[in-house]
S.K.: 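My questions all concern the structure below.
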Amino acid sequence: MDATAIGNGALRSNGAGADTKGKPIKCKAAVAHGPGEALVIEEVEVAPPARMEVRLKVFFTSICHTDLSAWKGENELQRKFPRILGHEAAGVVESVGEGVEDLAPGDHVVPIFTGECGACTYCESSKSNLCKTYRVNPFKSTMVTDGGTRFTMIDRSSGARNPVYHFLNTSTFAEYTVIDSACAVKINPKAPLEKMSLLSCGVSTGVGAAWNTANVSKGSTVAIFGLGAIGLAVAEGARLRGASRIIGVDINPEKFSKDGGVDYSFECTGITDVLREAFVSTHDGWGLTVVLGIHATPRMLPLHPMELFDGRRITGCVFGDFKGKSQLPEIVEKCMLGEININFDGFITQEMPFADINKAFQLLEEGKSLRCLLHV
């Protein structure tokens with residue numbers, strides 16, 4: 001990997017740095033005002049970090065299908081506006097709140113949507129990557145510390161300063177964001193931030209699903225239903241583990257050109273229930289179905305309990321079962337040393353300025369994008 005030329009001095013490019021510590025920062029953010037409404041680039045005020053929080057300068061962010069689903073308001077219980085979406089990014093710490101000892105201004109970080117405090121029963125267990133306090137919660141729209149927001153903006157009609165809500169512990173569609181320190185992963189400053197941003201969600205989730213959840217071994221056969229970025233990251237993880245056959249299934253034949261290491265591709269327009277088809281396609285006796293991503297509600301598993309008695313299993317997976325703060329730094333180091341050869345470039349299908357974020361959303365919705373990298 002080539003090093004990225006982003007250092008501590010870059011924090012001052014927007015008038016921020018040592019002189020902004022403890023002070024609010026005004027910056028641009030892409031604000032969602034309602035389901036399906038075009039995001040509006042507006043000025044927001046970002047408060048200083050509270051206890052156990054950090055404020056980041058975001059340099060790169062991209063759009064995941066989870067952002068698309070939240071923007072469209074597909075799950076009514078998750079609707080909360082105005083809101084700053086975004087959860088896949090990379091940046092630099094601008095300032096830290098009281099009690100933060102593992103991060104400092106200038107550190108290069110990858111924000112993660114499911115945090116790791118490192119001290120609770122869940123974090124200390126090898127059986128889970130879901131922290132008791134900072135685990136992902138799609139219904140949460142405020143900070144853990146005080147239940148408030150760190151974003152505010154002026155209402156154009158009344159002149160009142162109103163809160164702007166958070167999203168998935170990260171809210172990266174902004175020049176600056178405040179997140180819990182448990183959700184900030186410090187990485188080697190020589191690692192290219194634009195590529196490392198993909199570890200915030202898509203690549204970690206897919207590769208981890210193959211490595212940690214399914215534990216794909218050499219000679220395995222893997223079928224992937226859905227060839228978006230996460231599906232192709234599963235293929236990448238399976239390839240790196242030596243799978244003998246990787247089968248890709250999707251309703252959009254245009255995605256087959258972005259095969260990402262898939263050996264065989266099949267169009268599944270005739271399948272009425274993809275989840276059931278995935279389950280029954282696994283090998284009796286030891287087949288495993290891993291469910292990834294956010295699903296619209298209500299959604300029930302299309303299985304009879306007796307179908308589990310032939311040895312097939314089904315499980316969910318969050319963030320590839322990686323413990324973010326503990327394990328991602330080592331993944332980054334191994335990538336830089338060439339010990340792990342993840343094809344990050346293969347996932348970045350477009351690059352655009354932050355101002356074109358609505359165009360990036362459109363490309364993803366039309367199935368023409370894996371990851372559109374936005375330069376913030």
Side-chain angles (χ1 to χ4, degrees), residues 21-22 46-58 66 86-150 165-172 176-189 191 196-197 199-201 203-205 207-209 211-213 215 292 315-334:
K21 181 180 178 181
V46 186
R51 178 174 175 78
M52 299 308 294
E53 297 173 359
V54 297
R55 187 163 58 185
L56 310 180
K57 170 68 182 82
V58 179
T66 302
H87 64 285
E88 191 170 86
V92 175
V93 175
E94 176 270 336
S95 60
V96 302
E98 179 187 353
V100 177
E101 298 180 350
D102 62 328
L103 295 163
D107 284 345
H108 287 212
V109 294
V110 171
I112 52 175
F113 61 83
T114 189
E116 181 187 355
C117 74
C120 71
T121 302
Y122 295 86
C123 286
E124 291 178 344
S125 171
S126 61
K127 298 178 181 179
S128 177
N129 69 332
L130 299 177
C131 177
K132 179 180 180 180
T133 302
Y134 299 102
R135 68 176 61 186
V136 62
N137 179 356
F139 303 107
K140 178 171 160 287
S141 58
T142 55
M143 299 298 292
V144 169
T145 306
D146 56 8
T149 73
R150 302 294 173 262
Y165 295 100
H166 295 256
F167 179 68
L168 291 185
N169 293 330
T170 47
S171 291
T172 62
Y176 286 85
T177 188
V178 174
I179 66 176
D180 299 299
S181 61
C183 296
V185 178
K186 181 180 177 180
I187 63 171
N188 190 320
M196 296 303 99
S197 67
L199 292 175
S200 267
C201 177
V203 168
S204 295
T205 299
V207 170
W211 291 358
N212 303 322
T213 316
N215 192 22
L292 303 171
T315 187
C317 168
V318 175
F319 198 57
D321 282 335
F322 279 121
K323 289 179 180 287
K325 286 180 74 84
S326 298
Q327 295 179 310
L328 284 194
E330 183 181 2
I331 297 294
V332 171
E333 292 298 327
K334 288 184 176 181

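Since we're looking at a predicted model, the values are computed, not measured.
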S.K.: Under the rule for side-chain hydrogen bond (donor to acceptor under 3.5 Å, both in side chains), what residues qualify as partners of Thr114, not counting sequence neighbours?
M.R.: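 For Thr114 there are no side-chain hydrogen bond (donor to acceptor under 3.5 Å, both in side chains) partners, ignoring immediate neighbours.
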S.K.: Among Asp180, Leu103, Asp102, whose side chain to side chain contact (heavy atoms under 4.5 Å, CB included) with Val54 holds?
M.R.: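 Single side chain to side chain contact (heavy atoms under 4.5 Å, CB included) partner of Val54 among Asp180, Leu103, Asp102: Leu103.
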S.K.: So, taking the atom named OG1 in Thr142 and the one named NZ in Lys140, what distance separates them when rounded to the nearest 0.5 Å?
M.R.: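 The OG1 atom of Thr142 sits 6.0 Å away from the NZ atom of Lys140.
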S.K.: Check whether any side-chain heavy atom of Pro49 lies under 4.5 Å from a side-chain heavy atom of Ser95, and answer yes or no.
M.R.: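 The answer is yes; the side chains approach within 4.5 Å.
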S.K.: Should Glu53 and Arg150 be marked as a salt bridge (Lys or Arg N to Asp or Glu O under 4.0 Å) after you check the CA-CA gap, both sets of side-chain angles, and the distance that decides it?
M.R.: CA-CA 10 Å; Glu53 297 173 359; Arg150 302 294 173 262; 2.9 Å; yes
S.K.: With a 4.5 Å heavy-atom cut-off, do Val58 and Thr177 have their side chains touching?
M.R.: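 Yes, at least one pair of side-chain atoms sits under 4.5 Å.
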S.K.: Does Ala89 offer a backbone N or O that forms a donor-acceptor pair with the side chain of Ser200 under 3.5 Å?
M.R.: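 Here the side-chain-to-backbone pair exists.
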S.K.: Mind checking what makes side-chain contact (heavy atoms from CB on, under 4.5 Å) contact with Asn129, not counting sequence neighbours?
M.R.: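 Asn129 satisfies side-chain contact (heavy atoms from CB on, under 4.5 Å) with Phe319, Asp321, Lys323 only.
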S.K.: Indicate yes or no: at least one non-hydrogen side-chain atom of Ser197 is less than 4.5 angstrom from one of Val110.
M.R.: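 Not touching, per the 4.5 Å side-chain cut-off.
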S.K.: If we only count heavy atoms from C-beta on, is the Pro111 to Thr172 side-chain gap below 4.5 Å?
M.R.: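 Yes, close enough: below the 4.5 Å cut-off.
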S.K.: Please report the shortest heavy-atom distance between Ile112 and Thr170, naming the atom on each side.
M.R.: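 Residues Ile112 and Thr170, closest heavy atoms: O-CG2, 3.6 Å.
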S.K.: Over all heavy atoms of both residues, which pair between Ser204 and Leu328 is shortest? Give the atoms and the distance, please.
M.R.: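 Closest heavy-atom pair between Ser204 and Leu328: OG-CD2, 3.6 Å.
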S.K.: Side chains of Thr66 and Phe167: does their closest heavy-atom pair fall under 4.5 Å?
M.R.: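 In short, these two side chains touch, coming nearer than 4.5 Å.
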S.K.: Quick one: does Val178's side chain get under 4.5 Å of Val46's, heavy atoms only?
M.R.: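 With C-beta onward as the side chain, the pair touches.
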S.K.: For a salt bridge (Lys or Arg N to Asp or Glu O under 4.0 Å) check, start with the C-alpha distance between Glu94 and Arg55, then their side-chain angles and the critical distance, and finish with the verdict.
M.R.: CA-CA 6 Å; Glu94 176 270 336; Arg55 187 163 58 185; 2.6 Å; yes
S.K.: Output the distance between atom OG (Ser171) and atom CE (Met143), rounded to the nearest 0.5 Å.
M.R.: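 Rounded to the nearest 0.5 Å, the OG-CE separation comes out at 9.0 Å.
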S.K.: So which heavy atom on Leu292 is nearest to which on Cys317, and how close?
M.R.: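 Between these two residues, the closest heavy atoms are CD2-CB, 3.5 Å.
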S.K.: What are the two closest heavy atoms between Val100 and Ser181, and how far apart are they?
M.R.: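 Closest heavy-atom pair between Val100 and Ser181: CG2-CB, 3.9 Å.
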S.K.: Is any side-chain heavy atom of Tyr134 closer than 4.5 Å to a side-chain heavy atom of Val144?
M.R.: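 A side-chain contact under 4.5 Å exists here.
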S.K.: Around atom CD of Glu333, are there more than 12 heavy atoms of other residues, nucleotides or ligands at under 6.0 Å?
M.R.: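 It does: Glu333 CD has more than 12 such atoms within range.
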S.K.: How many angstroms lie between CG in Asn215 and OG1 in Thr213, if you round to the nearest 0.5 Å?
M.R.: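 Going from the CG atom of Asn215 to the OG1 atom of Thr213 covers 9.5 Å.
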S.K.: What verdict does the side-chain contact (heavy atoms from CB on, under 4.5 Å) test give for Val92 and Val109, after you've listed the backbone C-alpha separation in whole Å, the side-chain angles of each residue and the deciding distance to 0.1 Å?
M.R.: CA-CA 6 Å; Val92 175; Val109 294; over 6 Å; no
S.K.: Quick check: do Val318 and Val136 have side-chain heavy atoms less than 4.5 Å from each other?
M.R.: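 SC-SC contact between Val318 and Val136 confirmed.
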S.K.: Tabulate below the donor-acceptor pairs under 3.5 Å that side-chain atoms of residues 117-128 make, not counting sequence neighbours, or state none.
M.R.:
from   : atom 1 : to     : atom 2 : distance (Å)
Ser125 : OG     : Lys127 : N      : 3.0
Ser128 : OG     : Leu130 : N      : 3.0

S.K.: Could you point out which residue of Thr205, Val185, Asn212 forms a side chain to side chain contact (heavy atoms under 4.5 Å, CB included) with Phe322?
M.R.: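 Among Thr205, Val185, Asn212, the one meeting side chain to side chain contact (heavy atoms under 4.5 Å, CB included) with Phe322 is Asn212.
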S.K.: Please report the interatomic distance NE2(His108) to CD1(Ile187), rounded to the nearest 0.5 Å.
M.R.: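 Here the rounded value is 8.0 Å.
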S.K.: In Å and rounded to the nearest 0.5 Å, what is the CG to SG distance from Asn169 to Cys183?
M.R.: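 Taking CG in Asn169 and SG in Cys183, the distance rounds to 4.0 Å.
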S.K.: Run the numbers on Lys325 and Glu116 for salt bridge (Lys or Arg N to Asp or Glu O under 4.0 Å), then give the verdict.
M.R.: CA-CA 6 Å; Lys325 286 180 74 84; Glu116 181 187 355; over 6 Å; no
S.K.: Is atom NZ of Lys186 surrounded by more than 12 heavy atoms (other residues, nucleotides or ligands) closer than 6.0 Å?
M.R.: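 Counting neighbours around NZ of Lys186, 12 or fewer heavy atoms of other residues, nucleotides or ligands fall under 6.0 Å, so no.
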